Colleague: 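Okay, here's the structure, questions in a sec.
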2 protein chains.
Amino acid sequence: MDAKIVDVAAKAGVSPATVSRVLNQASGVTSKTRNKVMKAVEELNYHPNAAAKNLRQQKTMNIGVIAQDINNAYFTEIIKGIENMAYAQKYRVFICDAENQLEKEREYMTMLMDRTMDGVILIAPQLLDEEICEMADKGYYVAVIGRNIEHPRIPCIYTDNVKFSRQVMEHLLSNGHRDIVFLNGYPEAIDSYERLEGYLKALKDNQIPFRPELVENGDFNETGGYEAMKRLFDKNIPFTAVYAANDEMALGVYQACAERGISIPNQLAVVGVDNNRISKYVTPALSTVNQPKYTMGAILVEKFIDQMNDNQFADQRVFVVDSELLIRGSSNYKMK
Amino acid sequence: MDAKIVDVAAKAGVSPATVSRVLNQASGVTSKTRNKVMKAVEELNYHPNAAAKNLRQQKTMNIGVIAQDINNAYFTEIIKGIENMAYAQKYRVFICDAENQLEKEREYMTMLMDRTMDGVILIAPQLLDEEICEMADKGYYVAVIGRNIEHPRIPCIYTDNVKFSRQVMEHLLSNGHRDIVFLNGYPEAIDSYERLEGYLKALKDNQIPFRPELVENGDFNETGGYEAMKRLFDKNIPFTAVYAANDEMALGVYQACAERGISIPNQLAVVGVDNNRISKYVTPALSTVNQPKYTMGAILVEKFIDQMNDNQFADQRVFVVDSELLIRGSSNYKMK
DNA sequence: GCAGATATTGTAATCGATTTCATTTTGAAT
DNA sequence: ATTCAAAATGAAATCGATTACAATATCTGC
């Protein structure tokens, strides 16, 4: 149906090799033949068949991004950073939605083995470190956003959870809070673990004894946060602040408080993590931690492409970026 | 690096043709050889090279989805419908973010011409109808969500803007509003045009004269809505309700009202369109129109795949789906 | 005008699968 | 045991580009 390189060659009165040279290296061809060829290309609206090209060149210039959930702006913002930087380097980015399913994540990894993609960027993968390392060992290009995978060939970028977690705590403590709830995500996630770690360290730094009954799991989603709060209220123990490991769960906290007539921030301070767009719109606006999402995507993909092109690192493999605490109405109140 | 079909064939002691048969049709092979081959496939962790396969078969089983902005949950929700239905039919879906840029949209269309994708689904494209038709004329598979492109080979699905627009107006009118502002998106968009049409028809049906000064453009984004409201306030004309052509602009309305100390819904009723997730969280909750996004994606891709497989339509080409008006706090107040 | 170097172009091999067609094997019927 | 049809397998062509290598054209300097 569409024109092939031989058609272009015939029309321009040259060999297919010449057509290829015109379209690719752009040198070693007289301008006269180049013009002839370009004219034929235009007239036939010729586009080299990607499959043939990929097969012969053993590369595709495609990068896959596997996100856990494209409905979540946290991921899509990162992806925009990836996409724009990759685009500038002539790579095409294809986004895959794993929908929080490990099986889908794994299925998308086959894109590497069947060579549909030159490389794959995993954002906050559920895959185990070992699985990811194994792929890298086999020579596939993999990069990870969200945690550090200890493997010399895997570029990684992530934020220092412990650090910002302590900042959140210092903020609450400085407002006079002592009985602070920590609403955890699902406990297997590294983010959960590290945010909890920051919570604990901050308590220790301030000589406040850790009370395990103040920690609940909320699975990183709104309903989970809501249920967790209900469990906490039922315990009938006093607390004046909630540090939720993400904004989604914090929204659940708002809901639970609304039901009980508890006023934020006067009776309860709330802080989340992620700077979900919604956090700005709720009443009161939710204090949260903002990660430089776009930049994280951009930095990582740039290094990744470097590596794919040279098959070695120019310099750094691991990037740790800082987050910023955004203090809003939900925690902007000093306890007496 | 990775195993090729000849390696598998050698290991299993058969010809490449037989390996291919085992992996593809699954018939015409004794179970003994099938087992031998499968064993070799396992041991070598063989995955057929996609480029070679695509080249030979002249198809990729890939569908591209070109979205205007993956940060917008309206698009990603549709995409989930597409993705899940396509997945069930063995198609892989790749998401491309056009970032509201016509140029990127066009660039991604080359995926069709270079045969990276078997087909492309455009969501609310900026491309002109003619451009899209031209692609279809050339034999490429294209489908469109958001409007009807009059072309026998282009499946389309969209909502009846005029219809729900009238519903919104009837709702406001029944609450006693007569001076109703219409906040339009950018005027070139078909959605803008049709929603305005519904606004006008509802006025006519109720013998209310149309006052052009009550219509402002807000470009479909929050800032646009905010600016438009400021312009309206400055006009110093009375109005008691705002019908914004999408939720984003309605958020701008909230902001403008907050600045002026205007209370929603008592002094001003607000209704949006899209059921953006945020609309539920603002105070008061925003009345809006919900489209069956997931279903729209699913229905369309199903027909699209049918068409790609049979190269003809089983039945319908155009699907018009109904939306639902969600009445929330922002418009739930009767004027006296 | 010619030799030799260099630049341009063409021929044919190649990438790794699928698939057509030919060949061999198997099995059923006699 | 033999014949013949049917089933299983293999050999080789094919998809459409790139690219190594060979061949030809052009240019330089004398």
Side-chain angles (χ1 to χ4, degrees), chain A residues 1-38 40-41 44-62 90 110-118 139, chain B residues 1-38 40-41 44-62 90 110-118 139:
Chain A
M1 188 182 62
D2 356 64
K4 295 178 266 189
I5 197 167
V6 290
D7 303 325
V8 178
K11 180 145 206 161
V14 297
S15 76
T18 300
V19 176
S20 176
R21 271 185 284 257
V22 169
L23 262 39
N24 293 295
Q25 45 249 33
S27 81
V29 184
T30 47
S31 64
K32 206 175 82 189
T33 47
R34 184 195 326 291
N35 291 340
K36 279 192 302 186
V37 169
M38 289 314 288
V41 165
L44 295 172
N45 189 31
Y46 170 69
H47 290 261
N49 180 296
K53 187 167 190 160
N54 296 346
L55 176 58
R56 176 64 230 235
Q57 297 196 319
Q58 302 283 68
K59 72 183 157 104
T60 64
M61 300 299 281
N62 293 163
K90 310 280 177 219
T110 62
M111 297 186 307
L112 282 170
M113 310 193 272
D114 71 19
R115 300 274 157 206
T116 296
M117 302 287 164
D118 291 344
Chain B
M1 189 183 61
D2 355 65
K4 295 177 268 189
I5 199 166
V6 291
D7 303 324
V8 177
K11 180 145 205 162
V14 298
S15 75
T18 300
V19 175
S20 175
R21 271 186 284 257
V22 168
L23 262 39
N24 293 295
Q25 46 249 32
S27 79
V29 185
T30 39
S31 63
K32 207 174 84 191
T33 48
R34 183 194 326 290
N35 291 340
K36 278 193 302 188
V37 169
M38 288 313 289
V41 166
L44 296 173
N45 189 32
Y46 170 68
H47 289 262
N49 180 296
K53 187 167 188 160
N54 295 347
L55 176 58
R56 177 62 229 233
Q57 297 195 322
Q58 302 282 68
K59 71 181 159 112
T60 63
M61 300 300 281
N62 292 162
K90 309 279 178 220
T110 62
M111 297 187 307
L112 282 170
M113 309 192 272
D114 69 20
R115 300 275 159 205
T116 296
M117 301 288 164
D118 291 345

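This structure is a prediction, so every number in the text was calculated from the model and none was measured. All values below were derived from every heavy atom in this structure, side-chain atoms included, with hydrogens, water molecules and symmetry-related copies excluded. Protein chains get the first letters and strands the later ones, always in sequence-line order, with residue 1 at the start of each.
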Colleague: Mind checking whether A:Val19 and A:Val14 have side chains closer than 4.5 Å, heavy atoms only?
Modeller: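 When only atoms from C-beta onward are counted, A:Val14 and A:Val19 do touch, with a gap below 4.5 Å.
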Colleague: Rounded to the nearest Å, what distance is computed from the CD1 atom of residue A:Ile5 to the P atom of nucleotide C:dG10?
Modeller: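 Value for this atom pair: 12 Å.
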Colleague: Would you indicate which nucleotide in C:dA13, C:dA17, D:dG10 comes nearest to any side-chain atom of B:Ala17?
Modeller: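 When the side chain of B:Ala17 is considered, D:dG10 is the closest of C:dA13, C:dA17, D:dG10.
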Colleague: Strictly distance-based, threshold 3.5 Å: is any side-chain N or O of A:Asn35 a donor or acceptor partner for the main-chain N or O of A:Lys32?
Modeller: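 Such a contact is absent between A:Asn35 side chain and A:Lys32 backbone.
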Colleague: Please examine the side chains of A:Val8 and A:Lys11, heavy atoms only from C-beta on, and report whether any two atoms are closer than 4.5 Å.
Modeller: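 The answer is no; the side chains never approach within 4.5 Å.
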Colleague: Does D:dT9 have its OP1 or OP2 closer than 4.0 Å to a side-chain nitrogen or oxygen of B:Ser15?
Modeller: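 No, outside the criterion.
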Colleague: Determine: side-chain N/O of B:Gln58 to OP1/OP2 of D:dG16, distance under 4.0 Å, yes or no.
Modeller: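 Yes.
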Colleague: Just to confirm, is there a sub-4.0 Å distance from OP1 or OP2 of D:dA17 to any side-chain nitrogen or oxygen of A:Tyr46?
Modeller: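 Affirmative; the distance criterion is met.
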Colleague: For the pair made of NZ in B:Lys59 and C1' in C:dT18, what is the distance, rounded to whole Å?
Modeller: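 Spelled out: NZ on B:Lys59 to C1' on C:dT18 is 11 Å.
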Colleague: To the nearest Å, give me how far apart CG (A:Asn49) and P (D:dT18) are.
Modeller: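 After rounding, the reported distance stands at 10 Å.
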Colleague: Whole-Å distance between C:dT19 C1' and B:Leu55 CG?
Modeller: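 For the pair B:Leu55 CG and C:dT19 C1', the rounded distance is 13 Å.
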Colleague: C:dT8 P sits how many Å from A:Lys36 NZ, rounded?
Modeller: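 Distance, rounded to whole Å: 14 Å.
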Colleague: Does A:Thr33 place a side-chain N or O at less than 4.0 Å from the phosphate oxygens OP1/OP2 of C:dT8?
Modeller: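 No.
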Colleague: Does D:dT18 have OP1 or OP2 under 4.0 Å away from a side-chain N or O of A:Asn24?
Modeller: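 Affirmative; the distance criterion is met.
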Colleague: Would you mind reading off the distance between B:His47 atom NE2 and C:dG16 atom P, rounded to a whole angstrom?
Modeller: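 After rounding, the gap between these two atoms is 16 Å.
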Colleague: For the residue pair A:His47 and A:Val41, establish whether any side-chain heavy-atom pair is separated by less than 4.5 Å.
Modeller: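 No, too far: nothing below the 4.5 Å cut-off.
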Colleague: Can you see if the side chain of A:Thr30 gets near the phosphate of C:dT8 - specifically, an N or O under 4.0 Å from OP1 or OP2?
Modeller: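 Indeed not, no polar side-chain atom of A:Thr30 lies that close.
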Colleague: Is the base of C:dG10 touched by the side chain of A:Arg21 through a donor-acceptor pair closer than 3.5 angstrom?
Modeller: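 Donor-acceptor pair under 3.5 Å: yes.
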Colleague: What is the nucleic acid contact for B:Val14, judged by heavy atoms within less than 4.0 Å: base, sugar-phosphate only, or nothing?
Modeller: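 Sugar-phosphate: the residue B:Val14, judged by heavy atoms under 4.0 Å, touches backbone atoms but no base.
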Colleague: When we call it a touch if two heavy atoms are under 4.0 Å apart, what does A:Ser20 touch: a base, just sugar-phosphate, or nothing?
Modeller: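 Base contact - A:Ser20 has a heavy atom under 4.0 Å of at least one base atom.
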Colleague: Between D:dT14 and B:Gln57, is there an OP1 or OP2 to side-chain N/O distance shorter than 4.0 Å?
Modeller: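 No, no such contact exists.
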Colleague: Quick one: B:Arg56 CZ to C:dA17 C1', roughly how many Å, whole number?
Modeller: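 Rounding to the nearest Å, CZ of B:Arg56 and C1' of C:dA17 are 9 Å apart.
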Colleague: To the nearest angstrom, how far is A:Lys53 atom NZ from C:dC15 atom P?
Modeller: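 Atom-to-atom, A:Lys53 to C:dC15, this comes out as 19 Å.
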Colleague: What I want to find out is whether A:Lys53 reaches B:Asp114 closely enough, with some N-O distance under 4.0 Å, to be called a salt bridge.
Modeller: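 Salt bridge between A:Lys53 and B:Asp114, a charged N being under 4.0 Å from a carboxylate O: no.
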